[in-house]
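Input: a single structure, listed below in structure tokens.
Just so you know, these numbers come straight off a predicted model, no measurement behind them.
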Amino acid sequence: MATDFERKNSAGGLTLKLYRGEGASLLAFDLDKADATNDFVGFTVEVKYPGSDTWGALHNRLHFQYPNGPDRPSSYSSREAPFQKFRWLHVPTELRSGDFRYRVTAQYMKANGALVSGRRVEEAISLAPDTLDGFVNVGFTRGFASSQAYARKFQNQSAILPPPTAPSAANLAHDMSPFAANYEWLGFEARRLVVATLDEVKNDPTLTLEALIYESKEPDILTRLEALGPRLRAIIDDHGPTEHGAPDSAESISAQRLLAAGAQVKRMHFSRQQHNKVLLVKRNGVPVKVLAGSTNFSLRGLYIQANNALLFTDETVADLFAQVFDAYWNAPTRFRQNELSQNWWIGRDQPGSRFSFCFSPHADSALSLEPVAQAIEDARSSVLYAVVFLNQISGPVRDALDSLVNRSLFSYGVAQRRSGLTVKKPDGSDGLLSFASLGNKAPEPFKSEWNGNTTGHSNMVHHKFVVTDFNGTHPTVYTGSSNMAAGGEKDNGDHLICIEDRKVAIAYAIEALRLFDHFHFRLAMAEGDAQHKLITLAKPPVAGQSSWFAPYYRQGHVKARDRKLFAT
């Protein structure tokens with residue numbers, strides 16, 4: 001399939017497939033088995049940025065052999081250190097309009113260690129920032145405070161958060177100014193969508209904002225909201241006498257500050273929580289755009305956790321959220337009886353692109369959750385997911401995800417839990433990852449990472465999404481603020497979005513893949529005896545040894561399924 005978001009090319013026995021992600025591209029490779037001889041040692045990947053005539057090699061942290069001394073490079077050109085994987089995620093240092101052209105070369109190693117280039121293939125793809133121009137833009141946080149990239153780029157700076165013993169309200173007093181670059185990098189596209197929306201309203205007196213706020217713990221966002229004064233109406237969660245409802249909570253302090261600035265503010269929590277994270281923009285009273293998704297307006301939500309935000313620039317969708325806001329504002333106790341809570345609502349219905357919305361609390365959680373479970377059960381090629389608190393929830397979605405272990409399709413996911421992160425591997429097994437797994441178990445050439453979990457029980461993955469058959473005949477995404485739990489759908493104010501669109505499904509699939517690979521590697525280090533050992537690229541095997549790529553061609557092996565799924 002050749003589209004502006006999915007490209008494929010083959011030359012000889014080598015195949016390259018490109019997928020457009022949000023601020024990233026996924027490259028999937030395949031090599032004919034006849035060309036995967038024992039001296040095959042991986043893929044060199046080069047990129048030519050739009051407007052450039054120069055090929056630049058992507059870099060690998062691993063090498064066949066490392067130089068001695070304190071000045072060892074942190075990464076190496078893939079021309080000399082090829083990637084020993086059949087897919088790679090490239091996050092460009094700069095997003096430009098136009099096509100990014102990639103060139104992939106199969107590399108072989110002689111007996112003397114010299115590399116010899118084999119098959120080569122090129123293909124190009126646009127990484128234009130707007131997901132569906134004129135309708136929706138999806139943005140993700142980077143969620144990589146615990147990463148080699150953050151360690152290298154920002155030296156594991158932990159002062160981006162208040163001290164772990166500080167009260168919740170300390171978030172609002174936190175001085176963000178010394179770490180502007182950190183926040184911009186960590187918040188990535190989701191932060192840009194939030195900030196751009198608030199600044200647009202601030203700078204245009206014809207615009208007003210209506211906000212559904214679960215957490216209010218990000219000082220710059222609160223300052224931007226205050227600047228709107230009477231042009232703001234906000235509903236802020238107040239659940240729990242010792243949580244958001246406490247007089248000294250960040251949410252209570254935020255409400256007081258917004259009221260003092262002239263805004264209209266209401267507090268509510270339904271039976272449990274007002275769990276939406278929504279910014280609704282109106283022009284002269286007419287809804288024109290709305291930001292939704294899983295991203296809390298907090299330091300952790302934007303800069304520590306993996307989260308997503310969707311900015312809809314469509315009046316039909318904006319009007320739908322406006323109706324929900326008014327129903328919450330005027331009669332929250334009767335929302336379960338409101339027609340808005342009793343149906344899925346279509347916001348877009350075009351060939352190959354359909355968006356539906358469901359709003360809670362509902363009288364019956366099956367309305368929203370049965371379609372999610374059915375999509376998982378109906379999947380034919382893949383199910384990818386990132387769901388917070390999966391181990392603590394009950395209902396059809398949990399049951400459907402648990403049943404994946406008994407099926408032959410390709411599935412994997414990450415699920416947050418209080419004591420760590422569960423990584424569901426493609427073989428169906430589970431692994432529990434503590435937040436500091438590379439903090440004190442960093443094998444060379446990797447460096448120790450800040451665990452980012454200053455309170456000891458906070459979330460690293462806060463997403464709530466499931467992707468089924470992302471490159472199949474009916475790609476589907478379910479996402480939003482909902483935790484996809486039966487209890488939450490009955491008792492929380494939330495939204496759930498069904499997206500039947502291949503381009504958007506690919507974007508979420510790449511996000512799932514990004515997180516899975518990131519945490520799966522750390523899980524392997526935590527489970528294995530890798531501490532203080534040196535990890536190197538594999539050289540051609542000697543007699544009696546298996547090659548590094550043998551599992552990718554073994555019938556039924558999860559790596560073979562991985563290779564076929566992404567390169568198809």
Side-chain angles (χ1 to χ4, degrees), residues 21-24 89 91-93 95 127 129 131 136-151 153-154 157-158 160-161 171 174 176 179-198 213-221 224 275-279 291-311 384-389 413-416 421 435 449-454 458-465 467 477 479-481 483 497 504 507-519:
E22 298 300 334
L89 185 67
V91 182
T93 55
L95 285 180
L127 299 182
T131 311
V136 68
N137 196 3
V138 176
F140 299 105
T141 64
R142 209 176 289 266
F144 273 9
S146 300
S147 69
Q148 293 296 294
Y150 189 75
K153 192 175 182 69
F154 298 107
Q157 289 174 329
S158 61
I160 61 171
L161 298 180
N171 286 272
H174 185 65
M176 298 179 66
F179 309 107
N182 305 54
Y183 295 130
E184 183 177 359
W185 186 82
L186 290 166
F188 202 39
E189 289 197 321
R191 178 184 182 274
R192 291 175 208 159
L193 294 180
V194 172
V195 171
T197 300
L198 294 174
I213 299 172
Y214 176 64
E215 286 191 343
S216 179
K217 295 184 175 73
E218 208 275 14
D220 284 357
I221 289 178
R224 284 177 161 89
H275 195 245
N276 285 286
K277 314 92 170 51
V278 169
L279 300 176
L291 181 138
S294 70
T295 306
N296 279 317
F297 308 132
S298 66
L299 291 170
R300 293 197 62 85
L302 281 159
Y303 311 124
I304 302 297
Q305 299 167 349
N307 266 315
N308 66 92
L310 305 94
L311 179 61
L384 298 76
Y385 63 89
V387 179
V388 68
F389 303 138
V414 290
Q416 184 71 49
L421 193 81
F435 296 122
E449 299 172 357
W450 175 48
N451 67 29
N453 185 37
T454 57
S458 296
N459 311 324
M460 299 291 281
V461 174
H462 190 256
H463 279 306
K464 308 98 166 35
F465 72 79
V467 188
V477 180
T479 189
S481 66
N483 288 328
I497 309 171
V504 180
Y508 275 91
I510 291 174
E511 172 68 0
L513 187 67
R514 180 182 75 95
L515 294 174
F516 178 80
D517 286 349
H518 179 77
F519 290 116

Least distance between heavy atoms, [X] atom then [Y] atom:
X    : Y    : value
F140 : Y508 : CE2-CE2, 3.8 Å
P129 : E22  : O-OE1, 3.7 Å
V91  : A24  : CG2-CB, 4.0 Å
V467 : A509 : CG2-N, 4.0 Å
T295 : G301 : CG2-O, 3.9 Å
A512 : L384 : CB-CB, 3.8 Å

Spacing of [X] atom [atom1] and [Y] atom [atom2] [to the nearest 0.5 Å]:
X    : Y    : atom1 : atom2 : answer
L291 : F297 : CG    : CZ    : 6.0 Å
R300 : E218 : CZ    : CD    : 14.0 Å
E189 : L193 : CD    : CG    : 7.0 Å
N307 : F465 : CG    : CZ    : 10.5 Å
H462 : E215 : NE2   : CD    : 6.5 Å

Would you say that [X] contacts [Y] through its side chain, given a criterion of any heavy-atom pair below 4.5 Å between the two side chains?
X    : Y    : answer
T197 : L311 : yes
N296 : K217 : no
P219 : L299 : yes
T131 : L310 : no
V195 : R224 : yes

Legend entry - Exam field: side chain R191 to backbone L302, donor-acceptor pair closer than 3.5 Å: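 It does not hold such a pair.
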Legend entry - Under 3.5 Å donor-acceptor, S481 side chain and K277 backbone: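 Side chain of S481 to backbone of K277, a donor-acceptor pair under 3.5 Å: no, none is there.
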Legend entry - Partner residues of Y150 under the ring-ring contact (aromatic ring centres under 6.0 Å, His included) criterion, sequence neighbours left out: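 ring-ring contact (aromatic ring centres under 6.0 Å, His included) check on Y150 returns F154.
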Inset, instruction - Using the test ring-ring contact (aromatic ring centres under 6.0 Å, His included), find all partners of Y183 that sit at least two apart in sequence or belong to another chain. - result: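 Expected list: Y303.
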Inset, instruction - Look at the rings of H174 and F179 and say which category their plane angle falls in: under 30° parallel, 30 to 60° tilted, over 60° perpendicular. - result: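 H174 vs F179 ring planes: parallel.
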Legend entry - Given N308, V387, T141, T479, the one that forms side chain to side chain contact (heavy atoms under 4.5 Å, CB included) with H463: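 The passing option is N308.
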